[in-house]
2 protein chains.
Amino acid sequence: MMRAAPRPVESHALQRLSALAPLDAMSIGTIRLALGQTLHVRARRDILTEGTPITNPRMIVSGWAARVRLLGDGRRQILSFLLPGDLIGVCNQPSPLAVSTVTAITEIGVCPLPPACEAPALAQAYTMSLALESAYLLDQIARLGRLSAQERIYSLLLEIHERLQLNGMAEAGAFDVPLTQEMMADALGLTSVHVNRMLQIARRQGDLQWRNGRVKLINPAELARQIGRSPARVSAVQLRDRFRLNRSQS
Amino acid sequence: MMRAAPRPVESHALQRLSALAPLDAMSIGTIRLALGQTLHVRARRDILTEGTPITNPRMIVSGWAARVRLLGDGRRQILSFLLPGDLIGVCNQPSPLAVSTVTAITEIGVCPLPPACEAPALAQAYTMSLALESAYLLDQIARLGRLSAQERIYSLLLEIHERLQLNGMAEAGAFDVPLTQEMMADALGLTSVHVNRMLQIARRQGDLQWRNGRVKLINPAELARQIGRSPARVSAVQLRDRFRLNRSQS
DNA sequence: CGCGGCATTGAACATCCTCAATCCTCGTGG
DNA sequence: CCACGAGGATTGAGGATGTTCAATGCCGCG
């Protein structure tokens, strides 16, 4: 499913962390060390199971994963997507349990969380990451609770766009999205049939293109305005490098 | 709206914290000190505004608040409810911004967060509290995404029941809920009209009673089974005192 | 008594779902 | 090179679940 990546794939996680906090050489060294221990997990494999003790915090290096909740009767809700640079199982409780199952969507690279004990900048980045993660969870709640199907789709794609920009995986509104319509549906509280229909409308209206797993938002800013979405902000300190790659667009 | 409480009202926050982690005398002293500085906020007042810098972390002492997201056109989503013992604006970022507006639902008592720097047990309790909070956010996502209106109502009431048990505000499946049907609707992604209809069915089926702001779940365990809900668990260490007050029931 | 806020009701309607068939694409094996 | 199979996308028809709008009831309070 995943072909060889066109560029050094580990760089995305590093780019994200260094966008979350200014990293010193020490931190970067620690990160590289951890990246060297990256292991790969096949698509569809669980890498964490709800209710299970969390042994080791990790970081997504490449590929996409999803936090999932299963309901006894087969219904499934994707709580959030995990992209390169996102953290897994980070918390400082004594005997933490996973609060959700995490499943690999594509084949993914996962490395142990670079230890932050001697790198305050890293700890800083993790704090920001957690804050962002929880902000996106709140967005997801508002999305499911109060947006129409069409709006939910735009909102989710805009979020993904925003997050992929942070780690350098999006350019000029275009980015890879290895999701089936059914996964979109499971994330958005819809059925795949309905997602399909709404996507067709979106394409017909010229709001986006979606071919071969690649999405292009024709006018992200306008879309965001239209559904009243503003980028997630969790700190008065500006995230670095954001939108750097997208100056060209409008 | 709020009458004088029948019992020492500050005890609920304390009870919650000590259920989250075993507190030493030092911690309890710190808490009492903070409780002494409790200020009151009128119902409907905002105590935090989305996008605004967070100045001081606080704790709910009495009453209910809600984390809210407003959509430009008047749509409103309640992200979560804040009950006595819940924390507000806790995070260790440098310049944190509020990610959601917090509004008082009833008149509430709020005190500064008891400082945990010299009380590791307190820090522990806060960590648990944050973990629980995020677990409940995930529940909320699954609720909005994949449950029917009827199931959402049961699920939310069960969550509230569970949380009120933790801080000693529920007994034998009965507890005060100062919510209008419209607030329920805003939390559940429904309209108040529909909440009304579903509640009538629930009452008619003998699943619950709801009079004068007091809810009684006739058979919480059976309800939970029916919608496939299990209590939130974030740590392998058992929360203390849970259900202590409810041995009588079934 | 009259007012305000909330709960309740009805009828018409929109959105989204279900079920099932069909199409498309792509990789496999003959 | 082509038939085949699998997974995903697309389509249609009918139906369920929730919404909208507007009226009415209820109840505590000044």
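The analysis underlying the following values was restricted to heavy atoms, covering all of them including side chains, and did not include hydrogens, waters or symmetry mates. Proteins come first, then strands; the chains are lettered A, B, ... in the order of their sequence lines, and each starts at number 1.
- Rounded to an integer number of Å, the gap from A:Glu151 CD to C:dT15 P is 11 Å.
- One atom, CD of B:Glu182, and another, C1' of D:dT20, lie 14 Å apart when rounded to the nearest Å.
- Straight-line distance from the CD1 atom of A:Ile201 to the C1' atom of C:dA14: 13 Å, rounded to whole Å.
- If you take NE2 of A:His194 and C1' of D:dA9, they are 16 Å apart, rounded to a whole angstrom.
- Without hydrogens or angle criteria, B:Arg67 side chain to B:Ser80 main chain gives no donor-acceptor distance under 3.5 Å.
- Per the geometry, CZ belonging to B:Arg211 stands 12 Å off P belonging to C:dT8, to the nearest Å.
- When the C1' atom of D:dG8 is taken as reference, atom CD1 of A:Ile105 falls 15 Å away, rounded to whole Å.
- Between the P atom of D:dG18 and the CG atom of B:Leu144 lies a distance of 12 Å, rounded to the nearest Å.
- Remark: the backbone N or O of B:Asn167 is not paired with any side-chain donor or acceptor of B:Arg16 at under 3.5 angstrom.
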Can you give me the N/O atom pairs linking the protein to nucleotides 24-30 of chain D at distances under 3.5 Å, or say none if there are none?
none

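- When rounded to the nearest whole Å, the span between CZ of A:Arg146 and P of C:dT15 equals 16 Å.
- For the pair A:Gly189 and B:Gln181, both in contact range of DNA chain C, the more 5′-proximal nearest nucleotide belongs to B:Gln181.
- Residue B:Ser192 is classed as having no contact, given no heavy-atom separation below 4.0 Å to the nucleic acid.
- With distances taken from any side-chain atom of B:Arg203 to the nucleotides D:dG18, C:dT8, D:dG8, the minimum falls on C:dT8.
- Nearest-nucleotide positions on DNA chain D for A:Leu199 and B:Gln150 put A:Leu199 closer to the 5' end.
- The backbone N or O of B:Arg146 lies less than 3.5 Å from a partner atom in the side chain of A:Arg75, making a donor-acceptor pair.
- Looking at A:Gln77, its side chain does come within 3.5 Å of a backbone N or O of A:Ala187 through a donor-acceptor pair.
- Atom NZ of A:Lys216 is separated from atom NE2 of A:His161 by 8.5 Å, given to the nearest 0.5 angstrom.
- Among the heavy atoms of the strands lying under 4.0 Å from B:Arg44 are primed sugar atoms or P, OP1, OP2 only; no base atom is included.
- Between the side chains of B:Ser100 and B:Arg69, no donor-acceptor pair is found at a separation under 3.5 Å.
- A donor-acceptor contact shorter than 3.5 Å is absent between the side chain of A:Asp46 and the backbone of A:Thr49.
- For the pair A:Thr180 and B:Met198, nearest-nucleotide mapping onto DNA chain D gives the more 5' position to A:Thr180.
- Screening A:Arg229, A:Arg143, A:Gln140 against A:Glu159 for a side chain to side chain donor-acceptor pair (under 3.5 Å) leaves a single residue, A:Arg143.
- A cation-pi geometry, defined here as NZ or CZ lying under 6.0 Å from the six-membered ring centre and within 45° of its normal, does not hold between B:Arg214 and B:Phe175.
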Distances under 3.5 Å between protein N/O atoms and the N/O atoms of nucleotides 9-11 of chain C, please, pair by pair.
residue, atom, partner, partner atom, Å
C:dT9, OP2, B:Gln200, OE1, 2.2
C:dT9, OP2, B:Gln200, NE2, 2.8
C:dG10, N7, B:Arg197, NH2, 2.4
C:dG10, O6, B:Arg197, NH2, 3.3

